[in-house]
Chemist: 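There's a structure below that I have some questions on.
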Amino acid sequence: MIDASLFVSDTIHEREVAVGKGKIVKLHFKELPAIDFVRFHSALQGKNDDARAGAAATLIAASLCEPDGAPALTLERAMQLKTVPMNAIFNAVLEVNSGDEKNA
């Protein structure tokens with residue numbers, strides 16, 4: 001039997017994210033399948049400017065969720081994030097999806 005830890009879990013991960021000067025928010029994230037990251041990297045390497053620009057927002061919209069797992073924001077709303085919060089939230093998405101058990 002293949003070890004279940006090799007697959008995305010249904011666990012919702014809570015993180016405190018510093019989204020600006022002294023502002024820390026509690027956010028929740030779903031794990032994403034590796035294929036989403038393959039698409040992310042393909043978008044970054046592609047010729048479509050809109051796809052490259054929206055690549056991080058796409059992962060944020062897919063991973064950021066409510067505590068019950070419901071989506072927290074749409075892709076359109078994720079694309080409206082300011083730079084500092086977007087980078088901080090994106091880093092949390094990467095941390096949750098690192099596969100490193102101590103970060104899970």
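This structure is a prediction, so every number in the text was calculated from the model and none was measured.
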Chemist: List the atom of His13, the atom of Val96, and the distance in Å for their closest heavy-atom pair.
Modeler: CD2-CG1, 3.4 Å

Chemist: What do you reckon, is CZ of Arg77 surrounded by more than 12 foreign heavy atoms closer than 6.0 Å?
Modeler: no

Chemist: Looking at every non-hydrogen atom in both residues, tell me the closest pair between Ala78 and Ile60 and how far apart they are.
Modeler: CB-CG2, 4.5 Å

Chemist: Do Leu59 and Leu73 belong to the same hydrophobic cluster, where Ile, Leu, Val, Met, Phe, Trp and Tyr are linked whenever their side-chain heavy atoms lie under 4.5 Å apart, directly or via other members?
Modeler: yes

Chemist: Distance from Asp36 atom CG to His41 atom NE2, nearest 0.5 Å?
Modeler: 11.0 Å

Chemist: Could you state the interatomic distance from OG1 (Thr83) to CE (Met86), rounded to the nearest 0.5 Å?
Modeler: 8.5 Å

Chemist: Could you tell me whether the side chain of Thr58 and the main chain of Gly54 form a donor-acceptor pair under 3.5 Å?
Modeler: yes

Chemist: Look at the side-chain heavy atoms of Ile, Leu, Val, Met, Phe, Trp and Tyr, link any pair under 4.5 Å apart, and say whether Val84 and Val25 land in one connected group.
Modeler: no

Chemist: Linking I/L/V/M/F/W/Y whenever any side-chain heavy atoms sit under 4.5 Å apart, do Leu75 and Ile89 land together?
Modeler: no

Chemist: Using 0.5 Å steps for rounding, measure from the CG atom of Leu64 to the OG1 atom of Thr74.
Modeler: 11.0 Å

Chemist: Do you know which two heavy atoms are closest between Ala55 and Ala43, and how far apart they sit?
Modeler: CB-CB, 4.1 Å

Chemist: Quick one: closest heavy-atom pair of Cys65 and Lys30, and the distance?
Modeler: SG-CG, 3.7 Å

Chemist: Flag yes if Val8 and Phe29 sit in one hydrophobic cluster, no otherwise; membership is Ile, Leu, Val, Met, Phe, Trp, Tyr, and two members link when side-chain heavy atoms are under 4.5 Å apart.
Modeler: no

Chemist: Are there more than 12 heavy atoms of other residues, nucleotides or ligands under 6.0 Å from atom CG of Asp10?
Modeler: no

Chemist: Counting only N and O atoms by type, is there a donor-acceptor contact under 3.5 Å from the side chain of Lys26 to the main-chain atoms of Glu14?
Modeler: no

Chemist: Rounded to the nearest 0.5 Å, what separation is found between the CD atom of Glu95 and the CG atom of Asn91?
Modeler: 8.5 Å

Chemist: Taking all non-hydrogen atoms of both residues into account, name the closest pair between Ala57 and Met79 and its distance.
Modeler: CB-CG, 3.7 Å

Chemist: Out of curiosity, Asn48 CG to Ser42 OG, how far, rounded to the nearest 0.5 Å?
Modeler: 12.5 Å

Chemist: Would Leu94 and Phe37 count as a side-chain contact (heavy atoms from CB on, under 4.5 Å) here? Give the steps.
Modeler: CA-CA 10 Å; Leu94 294 178; Phe37 289 91; 3.8 Å; yes

Chemist: Where do Asn97 and Leu32 come nearest, in terms of heavy atoms and distance?
Modeler: OD1-N, 2.6 Å

